[in-house]
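Each remark here refers to the structure printed beneath this line.
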Protein chains: 2
Amino acid sequence: MSINSRFAVAVHILALLALENRPLSSKYIAGSVNTNPVVIRRILSLLSKAGFIDTQLGVDGGSTLARSADTITLLEVYNVTEQGQLFALHSNQPNPLCPCGRNIKPTLLTVFKKAEAALEGILAEATIADVVQDIEAQLQSQS
Amino acid sequence: MSINSRFAVAVHILALLALENRPLSSKYIAGSVNTNPVVIRRILSLLSKAGFIDTQLGVDGGSTLARSADTITLLEVYNVTEQGQLFALHSNQPNPLCPCGRNIKPTLLTVFKKAEAALEGILAEATIADVVQDIEAQLQSQS
DNA sequence: AAATCTGTAACAATAATAGTTACATTTTAT
DNA sequence: ATAAAATGTAACTATTATTGTTACAGATTT
C-alpha cells in the first residue's frame, strides 16, 4: 500500500499558494490539481487547522499562506496529512507462548522507527520554498 | 495509510524459521503469528518465489530457510512483500495548463525517491539474523 | 441583497487487506 | 497401497481507507 495522495496534493496546494501569492479558492485550486473542490477543501481544512494557511470567506475570498514558504517543511505537511505509524505491525497479537511471538514486536518497532526517522529526516530538509524554486527552474527551461 | 502487515509477518516467519531450524508447517507458524494458515501460506508463497525458503510437501513437511539468516536483509523482505511506490502521487493528472500542475510531479518524485531511499537504507542494514539475535537477547533477560 | 466561498455531512465507487472455507495435488510414513 | 499431512490457490466475506460527488447551512464581501 501507499502513503495516500493527500500528501502530494497538500504540497501542490501550498506550492500553488506560494507561487500565485493571492487568495485562491478551492475551486481554482481544484482546477490546477484536477479534482473536485471538496477534496481540496478537506485538505485545506487540515492545513488551516495546522496553521499553514489563512482562509477568507465571501466574494474574492480563498486561502493564502499564513507562514513564509521557506519555514514550512515537507515533514510538517506530511505529519498533517498522514497519521499513525508508517509500518503496520501484526493485526492480531502474536502468540505470547511462543518465544518469537512474544518478542518480535519490540524488535520490529525498533527497526521501523529508525526507518521512519530516516524518511522523515529527508522530508524535514525540504521546504515549500524549495518546491517552488524547483518548479520555477523548470518553467525557465520551458520558456 | 500504512505499509501493510505482510512485511511484519514475513519477518516474523523468517525469524521463526531461523530460530527453530526445522521444517515448520503453515499451521504451526500461524499459531505463532496468531492468524489463519492461509494468510501464512500466501506470504510463504512470496518468500518461496523469492528464494528465501524451501518448502516440503507431505507428512512432517513445511518450510525451511533456503539462505543463511545473516544474508537476508529486511530490505529484501520489504521488497518482496511491498510493491509499487511508497508515496502516491496525484490520482488524476494535474492540469498541464497550470505552471504548478505541469511541473509538480517531477519535483515531488525527486523528494519522494530520496525519502524512500533513506528508509530502504535502514532496512538494508538489518538482517533476519539481527532480528533473531535481538529476540534471543530478550529471551535471556526473561529467564 | 446578491454573489461567492468555506466547512462539513452524506453517500457511492473503488481498492486493498485480512480472514475464512474449500479442495485438488503432492509427498511422506507406515 | 493407503492414510495422513502439507502446500498452493481459488473464491468469498468483512472491514477499512480513499477519492469523488452532491448538497447545503453559514459567513463574508461587494
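Predicted model only: the values in this text are computed from it and were never measured. Proteins come first, then strands; the chains are lettered A, B, ... in the order of their sequence lines, and each starts at number 1.
Counting any heavy atom pair closer than 4.0 Å across all strands shown, A:Ser63 reaches no nucleic acid atom.
With rounding to whole Å, A:Leu57 atom CG is found 9 Å from C:dG7 atom C1'. Distance NE2 (B:His90) to P (D:dT18): 17 Å, rounded to an integer number of Å. Atom P of nucleotide C:dG19 and atom CG of B:Asn4 are separated by 11 Å, given to the nearest angstrom. As rounded to whole Å, 15 Å separates atom P of D:dT19 from atom NE2 of A:His12. Note: CG (B:Asp54) to P (D:dG8) measures 11 Å, nearest angstrom.
Using a 4.0 Å cut-off, no side-chain N or O of B:Thr55 falls inside it from OP1 or OP2 of D:dA6. Phosphate contact (OP1/OP2 of C:dG19, side-chain N/O of A:Ser91, threshold under 4.0 Å): present. OP1 or OP2 of C:dA18 lies within a sub-4.0 Å distance of a side-chain N or O belonging to B:Ser5.
Classification of the A:Phe87-A:Phe112 ring pair by plane angle, with boundaries at 30° and 60°, yields parallel.
Note that OG of A:Ser91 and CZ of B:Arg6 are 11.5 Å apart. Values are rounded to the nearest 0.5 Å. For the atom pair OG1 (B:Thr107) and CD1 (A:Ile135), the distance works out to 5.0 Å, reported to the nearest 0.5 Å.
In summary, the side chains of B:Arg102 and A:Gln142 do present a donor paired with an acceptor at a separation below 3.5 Å, with no hydrogens or angles considered. Between the side chains of A:Asn4 and A:Glu82, at least one donor N or O sits under 3.5 Å from an acceptor N or O.
For B:Asp60 and B:Asn92, each mapped to the nucleotide of DNA chain D holding its nearest heavy atom, the one lying further toward the 5' end belongs to B:Asp60.
For B:Gln56, taking side-chain heavy atoms from C-beta onward, the closest of the listed nucleotides C:dA18, C:dT28, D:dG20 is C:dT28.
A heavy atom closer than 4.0 Å to some atom of DNA chain C occurs in B:Thr35, B:Asn36, B:Val38, B:Val39, B:Arg41, B:Arg42, these being the qualifying members of residues 26-51 of chain B.
A donor-acceptor pair is defined here as one N or O able to donate and one able to accept, closer than 3.5 Å; such a pair exists between the side chain of A:Asn34 and the backbone of B:Gln93.
Here the closest heavy-atom approach between residue A:Ala66 and residue A:Gly51 is recorded as CB-O, 3.6 Å.
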